[in-house]
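Below is one structure, written out as structure tokens, with a few remarks after it.
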There are 2 protein chains.
Amino acid sequence: MKYQKIPEATIRRLSRYSRCLEEMEEKGEKVVSSAQLANKCIVNAAQVRKDLAYFGEFGIRGVGYYVRDLLNNIKKILGSNKEWRMALIGVGNLGSSLLAYKDFLKQNYTIVAAFDIDPPKVIGRVSEKLGKPVEVFHINRIKEVTKERKIEIGLIATPPSEAQSVANLLVEAEVRGILNFAPAQITVPEGFVVKDVFFTIILDNLAYLLSN
Amino acid sequence: MKYQKIPEATIRRLSRYSRCLEEMEEKGEKVVSSAQLANKCIVNAAQVRKDLAYFGEFGIRGVGYYVRDLLNNIKKILGSNKEWRMALIGVGNLGSSLLAYKDFLKQNYTIVAAFDIDPPKVIGRVSEKLGKPVEVFHINRIKEVTKERKIEIGLIATPPSEAQSVANLLVEAEVRGILNFAPAQITVPEGFVVKDVFFTIILDNLAYLLSN
DNA sequence: TCAATTTTGTGACTCCTTTCACAAATTTTG
DNA sequence: CAAAATTTGTGAAAGGAGTCACAAAATTGA
Ligand SMILES: NC(=O)c1ccc[n+]([C@@H]2O[C@H](COP(=O)([O-])OP(=O)(O)OC[C@H]3O[C@@H](n4cnc5c(N)ncnc54)[C@H](O)[C@@H]3O)[C@@H](O)[C@H]2O)c1
Ligand SMILES: NC(=O)c1ccc[n+]([C@@H]2O[C@H](COP(=O)([O-])OP(=O)(O)OC[C@H]3O[C@@H](n4cnc5c(N)ncnc54)[C@H](O)[C@@H]3O)[C@@H](O)[C@H]2O)c1
């Protein structure tokens, strides 16, 4: 396990292995081979082993991998063994569906505060959802509240025209991670990370494949 | 312009170029160089030219590319110059936010029918949204209605446990393209295309980058 | 008209990712 | 206990994707 730059694709696959391993654990399976895991995730078995080899030796030759053990190791690698505290900015259509997203809870991602430019307008959208309702603050309290609640990730679900200025506020509040749903290119300083979720890019991709 | 296998990354970038060119066109810009476009999309200028070269020669040496012309060509390549008719399956939290997604309308993707296992329950979610409300059918009418309305893409927004069986229905109804939001690996026969939108994989990726 | 300037299109090169193939480690079987 | 079977970990090969660098084409300006 010498140090190397790790491909982003490897990280994405680890996340998929993690999901598969969770299912296996639920089914009570104790041991899995790279071939079985590869089969389930539709990748090459050598790829599975190589992905893991970037981070250490987790298997036993002639046996395979202990499901529980491998899952714990992958979670440690991904940083998904800890609770991540998130803020939602923009409690509109998409935003309020994110508040109700059960998978976030099952996984270890929690929305601990929400922000909007017009909290009274959106308050109904929040209380109508299941579980403990998330408090909605005015956007101008973002710095104060994110500090207080130790928020590490911001979800941007405002109109695209507001995305960059919201990102600037998050940067100012030292929220280092941003997941951006608004179809706008946003930039942040060194040390901050933005990942985009652009539905229409994926749709365009689908449309391309369907037309060819 | 010899035939070659085209990288998926190229298609994704074309989609981004398309968005930038639309903005430029709105601003009234007539001509753009590969360097300017690259700068706006945060890629290498040679990359832009190479991406385009897979499909033909669209520029003029010493000048650049005509914005309008290049945009039309890219749309033709991506298949986004035509109207794509979509069905939504699962009108829950996420599903109803998709119904209200304005960008789908601005772009040429239209949801022309929705399906749920319990239409009466979800009807309020639809009528509360802006624009002309989308009709919600019981899932058991999917084959009939998709044929009648010439639907080409299905959006799966049901619980993950139902995703594969819904996909099977879409395959049966010969809906060739699927955009899957449920965190479940689904498989379809040759000739059909599935693209996944897995929020938690992207979040895991973000978490990894933040922990390292 | 022709030299200087601009910018494309593309072959060659570099870098990164995936797959192959096999030695090494471990278990199973006779 | 030794031979056969299994499965990992990894170096080497193959395959893609991105960048560089420059000839070719078009424009501009004197
Ligand atoms: N609706 C979808 O399914 C969907 C899908 C993909 C992407 N998106 C994108 O997600 C974003 C939100 O979409 P939506 O449909 O929920 O829109 P929306 O208009 O319903 O919600 C936007 C919310 O942001 C709030 N807001 C506006 N400016 C703000 C600011 N400066 N600070 C804080 N809050 C602010 C508004 O009050 C509103 O509640 C858009 O960029 C959209 O393109 C939406
Ligand atoms: N809520 C989010 O923001 C979000 C984000 C990412 C992914 N997802 C995923 O999207 C899916 C939907 O999430 P949600 O929060 O909207 O859940 P939800 O429970 O609110 O909605 C699910 C809907 O699907 C319907 N349904 C169930 N079985 C069906 C079937 N066989 N045929 C047709 N309809 C059926 C239900 O009646 C319900 O209306 C889930 O798989 C979820 O993991 C949700």
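Reminder, nothing fancy here: chain letters follow the sequence lines and each chain counts from 1.
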What is the distance, rounded to the nearest whole Å, between atom [atom1] of [X] and atom [atom2] of [N]?
{"X": "Asn44(A)", "N": "dA14(D)", "atom1": "CG", "atom2": "C1'", "value": "13 Å"}
{"X": "Leu70(A)", "N": "dT7(D)", "atom1": "CG", "atom2": "C1'", "value": "14 Å"}
{"X": "Ile11(A)", "N": "dC16(C)", "atom1": "CD1", "atom2": "P", "value": "16 Å"}
{"X": "Phe58(A)", "N": "dA25(C)", "atom1": "CZ", "atom2": "P", "value": "19 Å"}
{"X": "Glu8(B)", "N": "dG16(D)", "atom1": "CD", "atom2": "C1'", "value": "13 Å"}
{"X": "Tyr66(B)", "N": "dT27(D)", "atom1": "OH", "atom2": "P", "value": "7 Å"}
{"X": "Arg12(B)", "N": "dG18(D)", "atom1": "CZ", "atom2": "C1'", "value": "14 Å"}
{"X": "Lys5(B)", "N": "dG16(D)", "atom1": "NZ", "atom2": "P", "value": "8 Å"}

Among the candidates [options], find the nucleotide nearest to the side-chain atoms of [X].
{"X": "Arg49(A)", "options": "dT10(D), dC20(C), dT10(C)", "value": "dT10(D)"}
{"X": "Ser33(B)", "options": "dT7(C), dA25(C), dC20(D)", "value": "dT7(C)"}
{"X": "Val63(A)", "options": "dT7(C), dT19(D), dT27(C)", "value": "dT27(C)"}
{"X": "Gln47(A)", "options": "dT18(C), dG9(D), dT27(C)", "value": "dT18(C)"}

Q. Quick one: is dT17(C) close enough that its OP1 or OP2 comes under 4.0 Å of any side-chain N or O from Tyr54(A)?
A.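 So the side-chain polar atoms of Tyr54(A) never come under 4.0 Å of the phosphate oxygens OP1 or OP2 of dT17(C).
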Q | Under-4.0 Å side-chain N/O to phosphate OP1/OP2 contact, Arg13(A) with dT18(C) | A |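 Arg13(A) to dT18(C) OP1/OP2: side-chain N or O found under 4.0 Å.
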Q | Distance-only donor-acceptor test, Lys50(A) side-chain atoms vs dG11(D) base atoms, 3.5 Å | A |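 Indeed there is one.
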Q: Check whether any side-chain N or O of Asn73(B) sits under 3.5 Å from a backbone N or O of Asp69(B) as a donor-acceptor pair, and report yes or no.
A: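 Answer holds: yes.
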Q.
With a 3.5 Å limit on both atom pairs, tell me what dG30(C) is paired to, counting Watson-Crick and G-U wobble, or say none.
A.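 When the pairing criteria are applied, dC1(D) turns out to be the nucleotide that pairs with dG30(C).
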Q: Check Lys27(B), Lys75(B), Lys40(B), Arg68(B) against Glu22(B) for a salt bridge (charged side-chain N to carboxylate O under 4.0 Å, His left out) and give me the one that passes.
A: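 Among Lys27(B), Lys75(B), Lys40(B), Arg68(B), the one that satisfies the salt bridge (charged side-chain N to carboxylate O under 4.0 Å, His left out) with Glu22(B) is Lys75(B).
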Q. Taking for each residue the nucleotide of DNA chain C with the nearest heavy atom, is it Val43(A) or Ile60(A) whose nucleotide lies nearer the 5' end?
A.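 Closest to the 5' end, via its nearest nucleotide, is Val43(A).
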Q) Between Ala46(A) and Arg61(B), which has a closest nucleotide on DNA chain C that is more 5'? A)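 The 5'-side residue here is Arg61(B).
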Q. Any idea which heavy atoms bring Ala113(B) and Ile151(B) closest together, and the distance?
A.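 Where Ala113(B) meets Ile151(B) most closely, the heavy atoms are CB-CD1, 4.0 Å.
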Q.
Looking at every non-hydrogen atom in both residues, tell me the closest pair between Leu78(A) and Ile11(A) and how far apart they are.
A.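 Heavy-atom minimum between the residues: CD2-CG2, 3.7 Å.
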Q. So, do Phe181(A) and Tyr101(B) have ring centers that fall under 6.0 Å from each other?
A.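 No; Tyr101(B) has its ring centre 6.0 Å or more from that of Phe181(A).
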Q. Base, sugar-phosphate alone, or nothing: which one does Ser34(A) contact when heavy atoms must sit under 4.0 Å apart?
A.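 Sugar-phosphate, no base atom in range.
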